[in-house]
Q: 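Quick one: structure below, then a few questions.
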Amino acid sequence: MIMKQTKKRLYGTLAAIAFFSGVTGAFTFSVARNIGATRGAENAVYETEYADPNLMTVSNIKSTPSQPVDLTVAAEKGCASVVYIKVIIGGETKTIEYRDPFEEFFGDFFGHGNGSTQRRQVQTPKQEAAGSGVIISKDGYIVTNNHVVASANKVSVKLNDNREYDAEIIGTDPSTDLALIKIDGNDLPAITIGNSDDLKVGEWVLAVGNPFNLTSTVTAGIVSAKGRGLGANGVESFIQTDAAINKGNSGGALVNARGELVGINAMLYSETGSYSGYGFAIPVSIMKKVVTDIKEYGTVQRALLGIKGTTLIDYIDNKKRSDDKYKADFGTNDGVYVAEVVEDGAAAEAGLKEGDVIISVSGKKVTKMSELQEALSKYRPGDKANVVYLRDKKEKSTTITFRNSKGTTKVSKAEKLSSLGAEFKEITDNDKKALNVAFGVKVTNLKAGKLKSAGISNGFIIRKCNGLNIKTVKDMEKAFKAAQESEEQTLYIWGQTPAGVQASYAVQLGED
């Protein structure tokens with residue numbers, strides 16, 4: 001009897017610790033976590049094992065008021081693989097065109113000037129920004145956020161052991177806010193990539209990064225929610241955590257208690273701009289597909305379902321707000337309501353209709369739009385998936401063959417700028433003076449190809465592409481890449497011939 005009482009007291013103590021830790025996870029917002037604070041609890045190490053199956057079994061459980069879960073190994077692994085990224089934006093010398101209003105107004109009066117444009121060189125302000133990244137391969141591939149490196153003229157990386165490298169941007173994906181960069185290194189401390197699908201709400205995680213330029217900073221918390229959609233990115237299904245995430249954490253690692261990468265930290269939710277409760281990470285289930293596509297194809301392959309929809313409960317709530325007598329009659333409150341089926345799209349071909357409610361994709365339950373986006377993010381055009389949906393409260397299933405933005409089932413590789421059938425060269429100062437222009441890129445070594453087919457001749461000066469001023473070859477590459485990723489797949493070029501005749505052309509990309 002005495003033994004039974006002892007066992008019950010032990011169970012009660014552990015239950016109190018677990019409950020208090022849960023409360024801490026739910027209600028600590030503005031300060032770094034005091035992991036497992038158990039006010040009034042004893043410092044104790046329990047190493048007792050009971051044979052009675054009706055009683056709680058406790059074996060080698062170490063518990064103290066400040067550390068119920070040992071996260072030291074996870075922190076060590078995370079810090080070794082997380083890097084400090086510094087980017088330089090601007091700092092370039094540019095030539096601008098301007099009109100002197102005094103000259104334009106008084107030029108004819110004093111007998112000089114014709115009101116034409118003049119040129120001068122200006123230095124754009126140099127700005128520095130910083131973020132974090134995660135080494136995912138020993139040969140130097142690093143994942144970070146697109147918003148960390150998108151506008152960078154130069155990217156440099158510092159490792160946890162203070163080694164520094166220049167980095168090359170391999171590819172970016174604004175839709176998921178992910179980017180892949182690379183440094184020239186070997187045998188680097190690559191992190192082990194875990195499975196974000198296995199994460200449980202309430203599970204301990206660490207956020208590792210460089211907030212406020214404080215390198216190798218670790219904060220701890222729990223998974224507060226999964227599949228969050230915030231409307232920040234085109235494709236998103238965030239892991240929500242109460243581990244402190246601040247400015248500079250972007251692109252850093254969210255790791256589980258084993259030190260495995262489960263997410264890329266992306267943003268915080270705050271009314272002040274600093275941590276006030278919740279941060280959000282991109283799950284590695286999305287990250288792995290994006291990285292593989294960038295490496296293999298040069299661009300991310302989007303599998304399009306061909307519907308417009310919304311989370312079912314949001315649809316129901318909106319209907320109730322406009323009509324307080326509205327009664328939902330779908331047979332469920334979970335899923336994605338199909339508001340529109342795109343004509344000739346994948347969903348239309350598979351028989352989906354407006355008013356259907358999608359509830360699973362290839363066996364993975366779907367309760368909201370963000371979960372559907374996450375499920376679809378793993379597929380490429382041409383892949384097939386089984387989609388289960390409700391129609392008139394009856395469960396149905398169909399096989400969908402995903403398509404790309406052009407409506408075909410083909411994957412597309414990103415082409416290089418040279419695929420246009422020419423070389424490109426920034427114009428010289430003499431060219432600028434002779435042509436009376438401030439900037440431009442000259443078409444040289446024109447061969448049979450897309451530019452020649454569109455009517456562009458050798459020596460043509462490209463001034464704008466799809467609305468972007470073309471001052472450097474890098475600008476041309478940026479415009480070309482954006483055009484490849486657009487639905488129109490068209491490069492709109494405006495400029496002038498060496499004789500000064502202005503002209504514009506539409507260059508169709510993709511297959512010839």
Side-chain angles (χ1 to χ4, degrees), residues 87-97 124 146-155 168-181 234 293-294 297-302 404-406 412-428 431-432 435 437-447 449-498 502-512:
V87 301
I88 295 176
I89 303 167
E92 300 173 310
T93 300
K94 295 183 177 181
T95 303
I96 64 169
E97 292 179 347
T124 60
N146 173 67
H147 74 259
V148 171
V149 299
S151 303
N153 294 328
K154 182 180 179 183
V155 181
E168 175 190 1
I169 299 175
I170 302 300
T172 61
D173 183 35
S175 292
T176 56
D177 193 24
L178 288 169
L180 183 67
I181 65 175
D293 282 358
I294 289 175
Y297 304 105
T299 186
V300 179
Q301 306 296 316
R302 298 272 179 242
N404 58 28
S405 59
K406 296 180 184 177
S412 56
K413 284 197 174 185
E415 297 178 336
K416 293 183 178 180
L417 190 60
S418 58
S419 68
L420 292 174
E423 294 178 8
F424 302 90
K425 187 173 156 184
E426 290 154 27
I427 60 175
T428 65
D431 291 329
K432 294 173 186 177
L435 298 169
V437 296
F439 55 83
V441 168
K442 183 185 291 186
V443 176
T444 65
N445 295 327
L446 185 68
K447 303 172 186 174
K450 294 181 175 67
L451 291 188
K452 195 168 186 177
S453 297
I456 295 176
S457 58
N458 213 39
F460 186 79
I461 309 298
I462 298 174
R463 305 284 309 283
K464 282 182 181 287
C465 277
N466 290 19
L468 178 70
N469 287 337
I470 303 301
K471 302 174 183 177
T472 64
V473 175
K474 188 175 179 180
D475 290 336
M476 188 72 191
E477 289 172 344
K478 188 183 296 184
F480 178 61
K481 183 180 178 184
Q484 287 187 87
E485 294 173 352
S486 71
E487 189 172 347
E488 289 186 328
Q489 294 271 301
T490 304
L491 193 65
Y492 296 101
I493 292 176
W494 175 85
Q496 66 185 63
T497 66
Q502 294 184 357
S504 59
Y505 303 91
V507 180
Q508 192 64 41
L509 306 180
E511 297 179 5
D512 293 322

Q: For Lys481, is the NZ atom crowded, meaning more than 12 foreign heavy atoms sit under 6.0 Å from it?
A: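 More than 12 within 6.0 Å, yes.
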Q: Looking at every heavy atom in both Val507 and Ala454, which two are closest together, and how far apart are they?
A: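 Result for this residue pair: CG2-CB, 3.8 Å.
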Q: Would you compute the distance between atom CG of Asn466 and atom CD1 of Ile493 and round it to the nearest 0.5 angstrom?
A: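 Reported value, rounded in 0.5 Å steps: 8.5 Å.
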Q: State which residues pass side-chain contact (heavy atoms from CB on, under 4.5 Å) with Tyr505; sequence neighbours excluded, sorted by chain then number.
A: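 Only Ile456, Phe460, Ala503 meet the side-chain contact (heavy atoms from CB on, under 4.5 Å) criterion with Tyr505.
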Q: Could you tell me whether the side chain of Lys154 reaches within less than 4.5 Å of the side chain of Val87, counting heavy atoms only?
A: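 SC-SC contact between Val87 and Lys154 ruled out.
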Q: When you compare the side chain of Met476 with that of Cys465, does any pair of heavy atoms fall below 4.5 Å?
A: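 In contact.
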Q: To the nearest 0.5 Å, how far apart are CD in Gln502 and OG1 in Thr497?
A: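 That separation rounds to 9.5 Å.
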Q: Can you tell if the side chain of Lys406 reaches within under 4.5 Å of the side chain of Ser412, non-hydrogen atoms only?
A: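 Lys406 does not reach Ser412 side chain to side chain.
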Q: Where is the tightest heavy-atom contact between Arg463 and Val437, given as atom of each residue plus distance?
A: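 Smallest heavy-atom distance, with atoms named: NH1-CG1, 3.4 Å.
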Q: Keeping the roles fixed (side chain from Asp293, backbone from Gln301), state whether a donor-acceptor pair exists under 3.5 Å.
A: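 Here the side-chain-to-backbone pair exists.
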Q: Side chains of Asp475 and Val441: does their closest heavy-atom pair fall under 4.5 Å?
A: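 Contact flag for Asp475/Val441 side chains = no.
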Q: Are side-chain heavy atoms of Ile294 and Thr172 found at a separation under 4.5 Å?
A: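 Sidechains of Thr172 and Ile294: no contact.
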Q: If you round to the nearest 0.5 Å, how far is OG1 of Thr472 from NZ of Lys425?
A: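 Result: 15.5 Å between the selected atoms.
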Q: Looking only at non-hydrogen atoms, find the nearest pair between Ile470 and Ala479 and report the distance.
A: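 Where Ile470 meets Ala479 most closely, the heavy atoms are CD1-CB, 4.3 Å.
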Q: Quick one: CD on Glu423 to OG1 on Thr444, what's the gap to the nearest 0.5 Å?
A: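 Answer for the CD-OG1 pair, Glu423 versus Thr444, is 5.0 Å.
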Q: Take atom CD of Glu488 as the centre, draw a 6.0 Å sphere, and report whether it contains more than 12 heavy atoms from other residues, nucleotides or ligands.
A: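 Incorrect, the count does not exceed 12.
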Q: Work out which heavy atom in Lys471 is nearest to a heavy atom in Glu426; give both atom names and the distance.
A: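 So the two residues come closest at O-CG, 3.8 Å.
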Q: Apply side-chain contact (heavy atoms from CB on, under 4.5 Å) to Ala150 and list each qualifying residue two or more places apart in sequence or on a separate chain.
A: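 Testing Ala150 for side-chain contact (heavy atoms from CB on, under 4.5 Å), a comparison that skips the adjacent residues, returns Asn146.
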Q: Taking the side chain as every heavy atom from C-beta outward, state whether Glu477 and Phe424 have any atom pair closer than 4.5 Å.
A: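 Glu477 does not reach Phe424 side chain to side chain.
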Q: Which pair of heavy atoms, one from Ala152 and one from Ile89, lies closest together, and at what distance?
A: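 Minimum heavy-atom separation between Ala152 and Ile89: CA-CG1, 4.2 Å.
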Q: Apply side chain to side chain contact (heavy atoms under 4.5 Å, CB included) to the pair Leu435 and Gln496, showing each step before the final yes or no.
A: CA-CA 9 Å; Leu435 298 169; Gln496 66 185 63; 3.8 Å; yes
Q: Could you state the interatomic distance from CH2 (Trp494) to CG (Asn469), rounded to the nearest 0.5 Å?
A: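 Between Trp494 CH2 and Asn469 CG, I get 9.0 Å after rounding to 0.5 Å.
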Q: Take Lys450 and Gln508, measure what side chain to side chain contact (heavy atoms under 4.5 Å, CB included) needs, and give me the verdict at the end.
A: CA-CA 7 Å; Lys450 294 181 175 67; Gln508 192 64 41; over 6 Å; no
Q: Does the side chain to side chain contact (heavy atoms under 4.5 Å, CB included) test come out yes or no for Val300 and Leu178, once each step is laid out?
A: CA-CA 11 Å; Val300 179; Leu178 288 169; over 6 Å; no
Q: Do Asp173 and Arg302 make a side-chain contact, defined as non-hydrogen atoms from C-beta onward lying under 4.5 Å apart?
A: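 Contact flag for Asp173/Arg302 side chains = yes.
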Q: Is the closest side-chain heavy-atom distance between Lys447 and Lys452 below 4.5 Å?
A: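 No, every pair of side-chain atoms sits at 4.5 Å or beyond.
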Q: Could you tell me which non-hydrogen atom of Ala422 sits nearest to which non-hydrogen atom of Val443, and how far apart they are?
A: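 Here Ala422 and Val443 meet closest at CB-CG1, 3.8 Å.
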Q: Measuring from atom CD1 of Ile427 to atom NZ of Lys442, what distance do you get when rounded to the nearest 0.5 angstrom?
A: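 One finds 8.0 Å between CD1 of Ile427 and NZ of Lys442.
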